[in-house]
Amino acid sequence: QVHVMESGGGLVEAGGSLTLSCAASERTFKPFAMAWFRRAPGKERDFGAAMNWSGDIVYYADYVKGRFTISNDKDKNTVYLQKNNLKPEDTTVYYCAANGRPPVSTEVYDYDHWGQGTQVTVSS
């Protein structure tokens, strides 16, 4: 069974940076795509960034363009989300998702494996 686990959340001041990591634990699992979503309290998860494992397909939501960067380390089966110029409205729980099959998607329902989430809090 594939387990996906996020790390790297925490408290940061507005304008600061933070890098989230997400590792897929099963060594034999080769992701086709991994993605980051967020969910504010009382709201549905919404898309942040996604990439295919070779890195030649990358999608970003409008609210992260120019501020967040998704990348991966194939040897570690890990995807990262570098978050720069953080804003108080970026405060929420961030979730990592993985898929072993196409597509590289911006939709929650296209991903089979999910982490438990990591809290990011941006102080003003």
Side-chain angles (χ1 to χ4, degrees):
Q1 185 175 356
V2 177
H3 294 283
V4 177
M5 181 174 292
E6 307 93 341
S7 61
L11 175 64
V12 63
E13 293 184 351
S17 298
L18 204 62
T19 299
L20 304 183
S21 301
C22 172
S25 63
E26 174 53 56
R27 288 183 302 162
T28 61
F29 174 69
K30 297 303 179 185
F32 181 85
M34 292 186 78
W36 289 95
F37 291 77
R38 66 177 184 176
R39 181 166 64 186
K43 296 187 177 181
E44 298 294 321
R45 294 182 191 186
D46 65 350
F47 171 72
M51 66 181 296
N52 69 341
W53 213 233
S54 63
D56 56 356
I57 301 175
V58 180
Y59 298 133
Y60 290 103
D62 287 342
Y63 73 89
V64 306
K65 286 180 180 177
R67 298 193 300 128
F68 295 2
T69 302
I70 189 170
S71 62
N72 66 354
D73 184 327
K74 298 179 182 63
D75 291 337
K76 297 181 179 179
N77 246 20
T78 297
V79 68
Y80 304 97
L81 188 66
Q82 171 70 40
K83 301 154 64 83
N84 297 324
N85 191 22
L86 283 160
K87 305 174 182 181
E89 52 264 41
D90 293 321
T91 294
T92 189
V93 179
Y94 288 81
Y95 294 88
C96 176
N99 226 353
R101 53 173 174 78
V104 183
S105 176
T106 63
E107 300 293 342
V108 169
Y109 54 73
D110 279 325
Y111 290 90
D112 296 327
H113 310 290
W114 289 86
Q116 294 299 307
T118 185
Q119 174 72 44
V120 173
T121 302
V122 184
S123 63
S124 58

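Just so it is clear, the model here is predicted, and its values are computed rather than measured.
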Side chain Asn72, main chain Gly55, donor-acceptor under 3.5 Å: no

Over all atoms of both residues, closest heavy-atom pair of Ser124 and Pro88: CB-CG, 3.8 Å

NZ or CZ of Arg45 within 45° of Tyr95 ring axis and under 6.0 Å: yes

Salt-bridge present (Lys65, Asp62; N to O < 4.0 Å): yes

Cluster check Phe37, Met51: I/L/V/M/F/W/Y, side chain < 4.5 angstrom: no

Short side-chain to backbone donor-acceptor contact, Thr78 and Lys76, under 3.5 Å: yes

Tyr63 and Arg38, any side-chain heavy atoms less than 4.5 Å apart: yes

Minimum heavy-atom distance Pro103-Phe32, with the two atoms named: C-CE2, 4.1 Å

Side-chain heavy atoms of Leu86 within contact of Leu18, under 4.5 Å: yes

Which atom of Arg101 lies closest to which atom of Asp110, heavy atoms considered: NH2-O, 3.8 Å

Inter-residue atom distance Leu20.CG - Leu81.CG, 0.5 Å rounding: 5.5 Å

Chi angles and distances behind the side chain to side chain contact (heavy atoms under 4.5 Å, CB included) call for Val58, Ile70: CA-CA 8 Å; Val58 180; Ile70 189 170; 3.6 Å; yes

Distance, nearest 0.5 Å, that separates CD of Glu107 from CG of Asp46: 11.0 Å

Qualifying residue for side-chain hydrogen bond (donor to acceptor under 3.5 Å, both in side chains) with Tyr94, from Glu6, Lys83, Arg39: Lys83

Joint cluster assignment, Tyr111 & Ile57, ILVMFWY side-chain distance < 4.5 Å: yes

Nearest-0.5 Å distance, OG1 of residue Thr19 to OH of residue Tyr80: 9.5 Å

Between Glu13 and Ser123, a side-chain donor and acceptor under 3.5 Å: no

Ser17 versus Asn84, side-chain donor and acceptor atoms under 3.5 Å: yes

Approximate separation, where rounding is to 0.5 Å, of Lys30 NZ and Lys74 NZ: 11.0 Å

Check against side chain to side chain contact (heavy atoms under 4.5 Å, CB included), Val108 and Trp114: CA-CA 10 Å; Val108 169; Trp114 289 86; 3.6 Å; yes

Centroid-centroid under 6.0 Å between Tyr60 and Phe47 rings: no

Non-hydrogen atoms of Ala50 and Val104 that approach each other most closely: CB-CG1, 4.0 Å

Close side-chain approach of Met34 and Cys22, heavy atoms under 4.5 Å: yes

Polar side-chain atom of Asn52 near backbone of Asp56 as donor-acceptor pair, under 3.5 Å: yes

Within-4.5 Å side-chain heavy-atom neighbours: Asn77 and Pro31: yes

Heavy-atom closest pair, residues Val4 and Ala98: CG2-CB, 4.2 Å

Under 3.5 Å: donor-acceptor pair, side chain of Thr91, backbone of Thr121: no

Gln82 vs Phe68 side-chain heavy atoms within contact, under 4.5 Å: no

Steps toward side chain to side chain contact (heavy atoms under 4.5 Å, CB included) verdict (Glu89, Val122): CA-CA 8 Å; Glu89 52 264 41; Val122 184; over 6 Å; no

Shared hydrophobic cluster for Trp53 and Val2 (ILVMFWY, side-chain gaps under 4.5 Å): no

Geometric class of the Phe29/His113 ring pair [parallel <30°, tilted 30-60°, perpendicular >60°]: perpendicular

Non-hydrogen atoms of Val79 and Cys96 that approach each other most closely: CG1-SG, 3.9 Å

Short side-chain to backbone donor-acceptor contact, Asp112 and Asn99, under 3.5 Å: no

